[in-house]
Student: 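Below you'll find the structure I mean.
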Amino acid sequence: MRHLDELDTHYPLDPADVTYFRENGHVVTRALATRETVDEVRPHVDDATQSLRWDRRSLEDRDTYGRAFVQAANVHRHSPVVERFALARRFARVAAELLGVAGVRLYHDQALYKEPGGGFTPWHQDQVYWPLDTDDTITMWMPLVDVPHDIGGMVFADSSWRHRNLGEHVIGDASHEYFEALVRDRGFALSSHGPFAAGDATFHRGWTLHSAPANPTSTMRSVLTVIYYADGARVGPADHPARQLDLALWLGNAAPGSLADSNPLLWHESWAATDR
Ligand SMILES: O=C(O)CCC(=O)C(=O)O
């Protein structure tokens, strides 16, 4: 596992990318992990995904959301190798520096494997699900395989995060229809950063409106995502069924208003001196 040592090293962000992220609410970081590291880790994430996936129906038997990807959460708990990778300081520091916050905590990680013939990912905003009293939330989306143009990455509505909650829509056919019309009517510019090499990553804010195309190829689009929130954030109201579920799943049913400090701190600026 010699390549994994790079996960303790610092990835210097280009200041232009930070500026771009702060305006648009998304950005790409190339070669955030090297191909060698990803090649070592991918079989372990594959195992974790197959063992922890929560929907085991065949592709044809699933709804639009289910056809978008095989989904497995907190794969870092599956093995020390996946834990080392998913909770890497290198990735968390990029998340903190993009947001401009002192530290970030793990909300949860998630493998999103879009199968050969898998469907599109409907338009949605992630933060609708999260009972967190902060807008400083961010997701890293890292392909573990090369993702060619035919599959592509997510499509982001530029600067949409500034509007915060654009409608209480959880991901599905209704969110897709609603947000597709909204994107058209409000004239949001759209950006995508593909194709990708394994180990490239995009980062997007919790309120950034996004979707992703289907997978028309015969290869699996294996992606690991890690969701972070600013250290010091408080638990928000669980005033939607999706947020009630998330409160139980990822925040231990903590009381709204209390510090959301039960999840691990993955990077803090006071650690910078010990980053290699
Ligand atoms: O991987 C996808 O198709 C969508 C991922 C996504 O929506 C997310 O990471 O927030």
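Numbering of ligands and ligand atoms starts at 1, following listing order.
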Student: Under 4.0 Å from a heavy atom of Arg221: give me the atoms of ligand 1 that qualify, with their elements.
Tutor: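 Here the atoms of ligand 1 in question are 1 (O), 2 (C), 3 (O).
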
Student: Which atoms of ligand 1 sit under 4.0 Å from any heavy atom of Ala212?
Tutor: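 Checking each atom against Ala212, I get 3 (O).
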
Student: Go through ligand 1 atom by atom and flag the ones less than 4.0 Å from a non-hydrogen atom of Trp141.
Tutor: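 So the answer, numbered in order with elements, is 1 (O), 2 (C), 5 (C), 9 (O).
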
Student: Checking a contact table here: which protein heavy atom is nearest atom 8 (C) of ligand 1, and how many Å away?
Tutor: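 For atom 8 (C) of ligand 1, the nearest protein heavy atom is His210 NE2, 3.6 Å.
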
Student: Take a 6.0 Å sphere around CD of Gln244 and say whether it holds more than 12 heavy atoms from other residues, nucleotides or ligands.
Tutor: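 Atom CD in Gln244 is crowded, with more than 12 foreign heavy atoms closer than 6.0 Å.
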
Student: Name the residue from Arg221, Arg42, Arg35 that meets the salt bridge (Lys or Arg N to Asp or Glu O under 4.0 Å) definition with Asp146.
Tutor: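 Going through Arg221, Arg42, Arg35 one by one, the salt bridge (Lys or Arg N to Asp or Glu O under 4.0 Å) with Asp146 is satisfied by Arg35 alone.
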
Student: Against ligand 1, does Asp126 come closer than 4.0 Å with any heavy atom?
Tutor: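 Yes, that is the case, since the closest heavy atom of the residue is under 4.0 Å from the ligand.
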
Student: Relative to the heavy atoms of Thr225, which atoms of ligand 1 are at a distance of less than 4.0 Å?
Tutor: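 In order of numbering, the contacting atoms are 9 (O).
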
Student: Which of the atoms of ligand 1 are close to Lys114, meaning less than 4.0 Å from one of its heavy atoms?
Tutor: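 By the 4.0 Å cutoff, the relevant atoms are 3 (O).
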
Student: At a 4.0 Å threshold, what atoms of ligand 1 neighbour a non-hydrogen atom of Leu112?
Tutor: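 Reading through ligand 1 atom by atom, the close ones are 1 (O), 5 (C), 9 (O).
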
Student: Check contact between His204 and ligand 1, using heavy atoms of the residue and a distance below 4.0 angstrom.
Tutor: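 Distance cut 4.0 Å: His204 passes for ligand 1.
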
Student: Which residue, Asp17, Thr29, Thr208, forms the side chain to side chain contact (heavy atoms under 4.5 Å, CB included) with Phe203?
Tutor: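 Single side chain to side chain contact (heavy atoms under 4.5 Å, CB included) partner of Phe203 among Asp17, Thr29, Thr208: Thr29.
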
Student: So which of Arg89, Arg84, Arg93 actually passes salt bridge (Lys or Arg N to Asp or Glu O under 4.0 Å) with Asp8?
Tutor: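 Answer after filtering Arg89, Arg84, Arg93: Arg84.
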
Student: Among protein heavy atoms, which lies nearest atom 4 (C) of ligand 1, and at what distance?
Tutor: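 That would be Thr121 CG2, 3.6 Å.
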
Student: Determine whether the side chain, the backbone, both or neither of Gln71 has a heavy atom under 4.0 Å from any heavy atom of ligand 1.
Tutor: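 Gln71 to ligand 1: no contact under 4.0 Å from either part.
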
Student: Quick check against the 3.5 Å criterion: does His124 have a side-chain atom that pairs as donor or acceptor with the backbone of Pro122?
Tutor: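 Present.
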
Student: Any sub-3.5 Å donor-acceptor pair from Gln125's side-chain atoms to Gly206's backbone N or O?
Tutor: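 Such a contact is absent between Gln125 side chain and Gly206 backbone.
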
